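Computed from a predicted structure; not experimentally measured.
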Amino acid sequence: MKPQSISRVLHGAVRAPDRQQALLADLDLSPDSVPGSADLHPHVAAWPWRFEVYHPGLREVLPSVQAFCSAVIRREQPRRWVSLLGPSGVGKTHVLKQALACLQSAAARGHWKIPTPTGHRGPQMAHLIPAVDLEDFRAARDYAKYDIIYIEDIGSGAALDKGAGAVTRNRIAELLQLRSGKWTLLDANLYRREIEQQIDGRIASRLKRDGSWMVEVPQEVPDFWDREEWAAKKRAKEDA
């Protein structure tokens, strides 16, 4: 099965409008500003993580995403997951699209190759929207073979407890079971406890297994469009 959705994300970031420059200036996202940046792969450290959709409430997400990308490029073992969990509209998807674009760029430049018995090959990558890309009952097993996949917006849309939602839930659970020990990015509008209750307890336990990166965005972090007001309130509280 071909990755139906990957074309949506393998493009560069959009330049921030002038009205957002002041906010972005407050967010020092340069490699030197990130704890542990000396341990990053050079391609990851140099990647332009400053982009239009960056939400100040996700500032602590960046080190985890960068560490994941560095581990992938270096082919570290064991292969792990990075998962961003929490409220919708805060920019989790945009952060992981940037991560996937970073890895695609690393592969194109020859920084990340997959060893084979006869040499090397480029990695197989896919960006999945579950309700679309897992519609076929064979999809989970097909995508389980990829070197890296990004599963977007788990838990969004219709309720997962009936009808098409239940089918999607079951196929997400099947796919993630098969992705154990394989590089995987995912974001969800559910927290870990909710994933345990609504999808599969075994999946919830794997979110942090073997040193995987899991970040739960606090519920109080507002929608992306309210981020400037949120940042202003946060600075005022810190200055008080």
Applying side chain to side chain donor-acceptor pair (under 3.5 Å) to Arg209 and not counting sequence neighbours gives Ser205

Gln177 and Asp200: CA distance, side-chain angles, deciding distance, side-chain contact (heavy atoms from CB on, under 4.5 Å) verdict: CA-CA 9 Å; Gln177 287 283 10; Asp200 192 311; 3.7 Å; yes

Is any side-chain N of the basic residue among Arg141 and Glu174 closer than 4.0 Å to the acidic one's carboxylate O? yes

Step through the shown structure and confirm whether more than 12 heavy atoms of other residues, nucleotides or ligands are within 6.0 Å of CD on Glu135. no

Can you name the side chain to side chain contact (heavy atoms under 4.5 Å, CB included) partners of Val215, sequence neighbours left out? Val61, Ser64, Leu84

Taken to the nearest 0.5 Å, the spacing of Ser70 OG from Asp39 CG works out to 8.5 Å

With side-chain contact (heavy atoms from CB on, under 4.5 Å) as the test, would you mind laying out the steps for Trp49 and Val44 before giving the verdict? CA-CA 9 Å; Trp49 296 99; Val44 177; 4.0 Å; yes

Separation between CG of Leu85 and CD1 of Ile154, rounded to the nearest 0.5 Å: 8.5 Å

Look at the side chain of Arg75 and the backbone N and O of Trp112, then say whether any donor-acceptor pair between them is shorter than 3.5 Å. no

So Arg206 and Ser180, do their side chains get closer than 4.5 Å, heavy atoms only? yes

Take Leu134 and Ile172 through the side-chain contact (heavy atoms from CB on, under 4.5 Å) test and state the conclusion after the steps. CA-CA 8 Å; Leu134 298 181; Ile172 290 171; 4.0 Å; yes

Side chain to side chain donor-acceptor pair (under 3.5 Å) against Glu194, all qualifying residues, sequence neighbours excluded: none

Checking side-chain contact (heavy atoms from CB on, under 4.5 Å) between Tyr150 and each of Thr184, Thr93, Val82, which is the one that passes? Thr93

Nearest-0.5 Å distance that lies between atom CG in Asp153 and atom CG in Asn189: 5.5 Å

Quick check: does any side chain N or O of Arg74 sit under 3.5 Å from a backbone N or O of Val72, one acting as donor and the other as acceptor? no

For Pro130 and Ile151, the nearest pair of non-hydrogen atoms, with its separation, is CG-CG2, 3.7 Å

Show me the pairs that pass ring pair (Phe, Tyr, Trp, His ring centres under 6.0 Å) and involve residues 64-88, at least two apart or across chains. Phe68-Trp183, Phe68-Trp213

Taking all non-hydrogen atoms of both residues, which atom of Leu175 and which atom of Ala140 are closest, and how far apart? CD1-O, 3.3 Å

So which heavy atom on Ile114 is nearest to which on Pro123, and how close? CG1-CA, 3.8 Å

Salt bridge (Lys or Arg N to Asp or Glu O under 4.0 Å): pairs with one or both residues in residues 177-188, sequence neighbours excluded: none

Check the pair Leu190, Ile199 against side-chain contact (heavy atoms from CB on, under 4.5 Å), reporting the backbone distance first and the verdict last. CA-CA 10 Å; Leu190 305 169; Ile199 297 181; 4.1 Å; yes

Going by side chain to side chain contact (heavy atoms under 4.5 Å, CB included), name the residues that satisfy it together with Lys208, two or more places apart in sequence or in a different chain. Arg192, Met214

For Leu185 and Ala99, which heavy atoms make the closest approach, and how far apart are they? CD2-CB, 3.9 Å

Nearest heavy atoms of Ala188 and Ile195, plus distance in Å: CB-CD1, 4.4 Å

Of all residues at least two apart in sequence or in a different chain, which pass the side chain to side chain contact (heavy atoms under 4.5 Å, CB included) check with His111? His41, His43, Ile73, Ala106, Arg109

Quick check: does any side chain N or O of Lys92 sit under 3.5 Å from a backbone N or O of Pro87, one acting as donor and the other as acceptor? yes

Could you name each residue pair satisfying ring pair (Phe, Tyr, Trp, His ring centres under 6.0 Å) that touches residues 189-212, not counting sequence neighbours? none

Sequence neighbours excluded, the answer for side chain to side chain donor-acceptor pair (under 3.5 Å) partners of Arg171 is none

Residues, nucleotides or ligands: over 12 heavy atoms within 6.0 Å of Arg193 CZ: no

What is the distance from atom CG of Asp210 to atom CD of Gln77, rounded to the nearest 0.5 Å? 10.5 Å

Any heavy-atom pair between the side chains of Glu152 and Leu96 that's under 4.5 Å? no

Please list, chain by chain and in numerical order, all residues satisfying side chain to side chain donor-acceptor pair (under 3.5 Å) with Arg79, sequence neighbours excluded. none

Could you pull out all residues at least two apart from Asn170 that satisfy side chain to side chain contact (heavy atoms under 4.5 Å, CB included)? none

Salt bridge (Lys or Arg N to Asp or Glu O under 4.0 Å) partners of residues 115-127, not counting sequence neighbours, each pair once: Arg121-Asp147

